[in-house]
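Residue numbers start at 1 and run along the sequence shown.
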Amino acid sequence: MNRKPQDLRVRMLHCLCEGMSQRSCERIFDVSQNTVAKLFAEVGDWAIAHMKTLKNLHIANIQADELHSFVGAKEKNLSDMIDPPEGAGRVWTYLAMCADFKLIFEYHLGDQDALNASEFLKNVAGKLERSPDGGFVVRPHLATDGLKAYTKAFRNAFGADADYGILEKQYDKQDKNGNKAPGGRYIGANRKKGSGDWRVEDTHTSYIERQNLNLRMGNRRFNRKTNAFSKTMLNHERHIAMWAVYHNYCWIPRPMRPRLQPDGTRSRQWIKRDPAAIAAGLATRLWSVADMLTMADDFTAERRLVESEQGEEPPSEPILIEVSDDDVVLAPSHWVYSSTTHQSTKVHKAECAFCRDGQGRKAGAKSSGVWMPYYSLEDAIAASVAIQPDDHSICNVCLGDYFKRGYYP
């Protein structure tokens, strides 16, 4: 297998974990986009599997929240997509963390509704260790914002085995879910009981809101007003899991400002903190990015071995069908688009995303020109010149500079 040097792969992975896009890695390290995508997929799949192994945790103080992004296109633009991927549109990312150790131990992707909130909190409860009598070894306290779906979801997931406090935020403009509407401003919040022996001092979302910011800053796909958004749901999940593992095991938190004591005094010495996984007892040392890559390579090799051992059914004997030359109809290899609006022509390959065998980007949409088929590049260029001698060109994506530089296959 042709593989880049390990130190180069480590540096590429480090940049991806710190929020750099795949195209940026391609340009900085002078590698192909497929190299970066392959590395990202392998480490992302390992990270997803690793997050699922977190079990039997002892967490007393949990904070949960959700933040939005999108896959493929924003919700309002989905109707314009010819073949939207599965899960395209708005995606809410639910996060759960230990407020004491800052450990991110569960995430969930879905809509902002009761069904997904219930599934998320059931997964959160499943990560905590239970005693033989069915209760939790450490009784957890959960704090969330005022999303109404959490109340029922908490009863379904925890029942009477946990405590629950709600921080109900208030805005001067709100939507039906209690979220800030466009143009709305935060005007305050109320803490109220959700269930059990809730603790007023622990009913806040300060830590998880900060993690939301860390996720937006450390994951390029969550940046606002960016073209680096996820194109598929799987890649979206891969990057979230990879970021969570990197945060838990490789990220050294900055020293914490000393708390103000009841008597009004405060120590001048800042408090050093351990990485989240060490503080939670999941690791005994700080991981490096090279450690992540080594474990991901072992995971990939083991997965390939299992797939090879399972094998595939031998292909059946091919069936030969005689076909005469008269039965063969050649498909056009190139198309010329003659624009009646701009009085110009452009040559495309048949498989070009802007051509799609003469259908255009939006199949069925009203066209402002005519598509004409040709069976060789030379014939297409000659026809383009003949139709518009003063304004003719070739498509940069499939034939011109972009194609030659390797940006498009």
For the residue pair [X] and [Y], establish whether any side-chain heavy-atom pair is separated by less than 4.5 Å.
| X | Y | answer |
| --- | --- | --- |
| Val245 | Val43 | no |
| Cys250 | Met292 | yes |
| Val71 | Leu109 | no |
| Ile252 | Leu286 | yes |
| Leu399 | Leu377 | yes |
| Leu142 | Val124 | no |
| Met12 | Met20 | no |
| Asn56 | Val137 | no |

[X] side chain to [Y] backbone, donor-acceptor under 3.5 Å:
| X | Y | result |
| --- | --- | --- |
| Ser118 | Ala114 | yes |
| Asn219 | Leu215 | no |
| Lys4 | Thr35 | no |
| Ser131 | Gly135 | yes |
| Arg273 | Arg254 | yes |
| Ser333 | Tyr375 | yes |
| Ser376 | Asp379 | yes |
| Tyr186 | Lys169 | no |
| Tyr246 | Ala241 | no |
| Asn248 | Ala276 | no |

Whether the [X] and [Y] side chains hold a donor-acceptor pair (N or O, under 3.5 Å, no angle test) is what I'd like checked.
| X | Y | value |
| --- | --- | --- |
| Ser288 | Asp291 | yes |
| Asn116 | Glu119 | no |
| Asn34 | Ser32 | no |
| Asn212 | Arg216 | no |
| Thr151 | Tyr164 | no |
| Tyr107 | Glu237 | yes |

Parallel, tilted or perpendicular: which one describes the rings of [X] and [Y], with boundaries at 30° and 60°?
| X | Y | answer |
| --- | --- | --- |
| Phe120 | Tyr150 | tilted |
| Trp92 | His68 | tilted |
| Phe158 | Phe154 | parallel |

Using the test ring-ring contact (aromatic ring centres under 6.0 Å, His included), find all partners of Trp287 that sit at least two apart in sequence or belong to another chain.
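Trp287: ring-ring contact (aromatic ring centres under 6.0 Å, His included) contacts with His50, Tyr249.
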The ring-ring contact (aromatic ring centres under 6.0 Å, His included) partners of Phe222 (sequence neighbours excluded) come to His236
Selection residues 43-52 - residue pairs positive for salt bridge (charged side-chain N to carboxylate O under 4.0 Å, His left out), sequence neighbours left out:
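Listed once each, the pairs are Asp45-Arg238, Asp45-Arg303.
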Determine, step by step, whether Tyr374 and Val347 satisfy the side-chain contact (heavy atoms from CB on, under 4.5 Å) criterion, reporting the C-alpha distance in whole Å, the side-chain angles of both residues, the deciding distance to 0.1 Å, and the verdict.
CA-CA 10 Å; Tyr374 292 90; Val347 179; over 6 Å; no
Test salt bridge (Lys or Arg N to Asp or Glu O under 4.0 Å) on Asp197 and Arg139 and set out the steps.
CA-CA 11 Å; Asp197 298 327; Arg139 184 178 177 90; 5.5 Å; no
Just do the side-chain contact (heavy atoms from CB on, under 4.5 Å) check on Glu42 and Arg9 with the steps written out, would you?
CA-CA 12 Å; Glu42 291 178 354; Arg9 299 175 71 230; 3.7 Å; yes
Report yes or no: is the cationic atom of Arg130 (NZ for Lys, CZ for Arg) under 6.0 Å from the centre of the six-membered ring of Phe136, at an angle within 45° of the ring normal?
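Cation-pi check for Arg130 and Phe136: passes.
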Hey, does the Lys NZ or Arg CZ of Lys231 hover above the aromatic six-ring of Phe229, less than 6.0 Å from the centre and inside 45° of the axis?
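Cation-pi check for Lys231 and Phe229: passes.
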Quick check on the 6.0 Å ring-centre criterion: do His239 and Trp243 meet it?
no
